[in-house]
Undergrad: 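Got a structure here, written out as C-alpha cells. Questions coming.
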Amino acid sequence: MSAAASTDVLDTSTVLLKTLSYAVGGMTIECAARSILSASLKLYQGPFPTGSAKPAATCLNLVLILVGSSLSLILSLMTIGTSFISINVCIAMSFSANLSWHLFFVIFAAFLMYKTWHVCNGNSVYTALAVLLFMCRISFGFADLGFSGGIIIEDTCNYKQSEVTGIGYAARIGT
C-alpha cells in the first residue's frame, strides 16, 4: 500500500470516528435535555401526594437527576466543542471539561448511594462504606484535576491523562 493510500485510510477513519462521536454526543445532549425538562416539570407540579414515598426524598432524587442531567449536557457540549476550539483556550477548555466530568460522576455517585441508602433503610455499615467510597471518589477527582489536563502537540489540543490518577478514575469508585 502506498503512503498516499495509507493517509486516505487514516483520514477516512478519522472522519468516521468524529462523525460517530458527534452522533453519540448529539444523542447524549438530547437525552440530557429531555431529562432536564422532565425533572423540572415534576418539581414544578407542586406538592407530592401525601400517601406516596417521603416527599423530601422524592424531591431530592429529582434535584439530583436535574443537576446530573445538566452536568451531562454541559459535558457533552464541551466534549464536542473541543474539536472546534482555538489553541489559545485548549488548557482552560480541557480543565473545564475535566471538572464537568468529575462533577457529573460525583452527582451520579451521590444519586446511587442515596437511593441505595434508602433501600438499606439507613444501615450504619452501608452509610460508613458509602461515605468512604464517596470521599475516595472526590479525592481522586481533585487529584485528577491537578495532574491531568490539556496539552498542545503540533498545534492540536490533546488531553493527557495522568497514569496515577487514571487508576482511581477508571475504577468508577462509588458508581
Undergrad: What are the two closest heavy atoms between Ser148 and Thr165, and how far apart are they?
TA: OG-OG1, 3.6 Å
Undergrad: Give the cluster check for Val164 versus Phe147: same hydrophobic cluster or not, with ILVMFWY residues linked at side-chain heavy-atom distances below 4.5 Å.
TA: no
Undergrad: Linking Ile, Leu, Val, Met, Phe, Trp and Tyr through side-chain heavy atoms less than 4.5 Å apart, which residues share a cluster with Val125?
TA: none
Undergrad: Indicate if Val131 and Tyr126 have the same hydrophobic cluster label, given that clusters are the connected sets of ILVMFWY residues with side-chain heavy-atom separations under 4.5 angstrom.
TA: yes
Undergrad: Among residues two or more places apart or on two chains, list those pairs meeting salt bridge (Lys or Arg N to Asp or Glu O under 4.0 Å) that have a residue in residues 58-77.
TA: none
Undergrad: Exactly one of Leu71, Leu145, Leu75 should register a side-chain contact (heavy atoms from CB on, under 4.5 Å) with His102. Which one does?
TA: Leu145
Undergrad: Going by the side-chain hydrogen bond (donor to acceptor under 3.5 Å, both in side chains) test, which pairs reach into residues 64-77, not counting sequence neighbours?
TA: Ser35-Ser69
Undergrad: With sequence neighbours excluded, what pairs up with Glu163 under the salt bridge (charged side-chain N to carboxylate O under 4.0 Å, His left out) test?
TA: Lys160
Undergrad: Hey, can you tell me if Tyr114 and Trp117 have their rings parallel, tilted or perpendicular (30° and 60° cut-offs)?
TA: parallel
Undergrad: Hey, what's the ring geometry for Trp101 with Phe105, parallel, tilted or perpendicular (30° and 60° as the breaks)?
TA: perpendicular
Undergrad: Any chance you could measure Thr127, atom OG1, to Leu132, atom CG, to the nearest 0.5 Å?
TA: 12.5 Å
Undergrad: When you compare the side chain of Phe140 with that of Asp144, does any pair of heavy atoms fall below 4.5 Å?
TA: no
Undergrad: I'd like to check the side chain to side chain donor-acceptor pair (under 3.5 Å) partners of Ser139; sequence neighbours left out, ordered by chain and number.
TA: none
Undergrad: Tell me whether Leu99 shares a hydrophobic cluster with Ile91, the cluster being built from Ile, Leu, Val, Met, Phe, Trp, Tyr side chains joined at under 4.5 Å.
TA: no
Undergrad: Any link between Ile107 and Leu37 through a network of hydrophobic side chains (Ile, Leu, Val, Met, Phe, Trp, Tyr) touching at under 4.5 Å?
TA: no
Undergrad: Is there a path of hydrophobic side-chain contacts, each under 4.5 Å between heavy atoms of I/L/V/M/F/W/Y residues, joining Leu129 to Phe108?
TA: yes
Undergrad: What's the separation between atom CG in Leu112 and atom CG in Leu133, rounded to the nearest 0.5 Å?
TA: 12.0 Å
Undergrad: Nearest 0.5 angstrom please: Tyr159 OH to Asn98 CG, how far?
TA: 3.0 Å
Undergrad: Identify the two heavy atoms, one from Ala130 and one from Met113, that lie closest to each other, and give their separation to 0.1 Å.
TA: O-SD, 3.5 Å
Undergrad: Under the rule for side chain to side chain donor-acceptor pair (under 3.5 Å), what residues qualify as partners of Thr28, not counting sequence neighbours?
TA: none
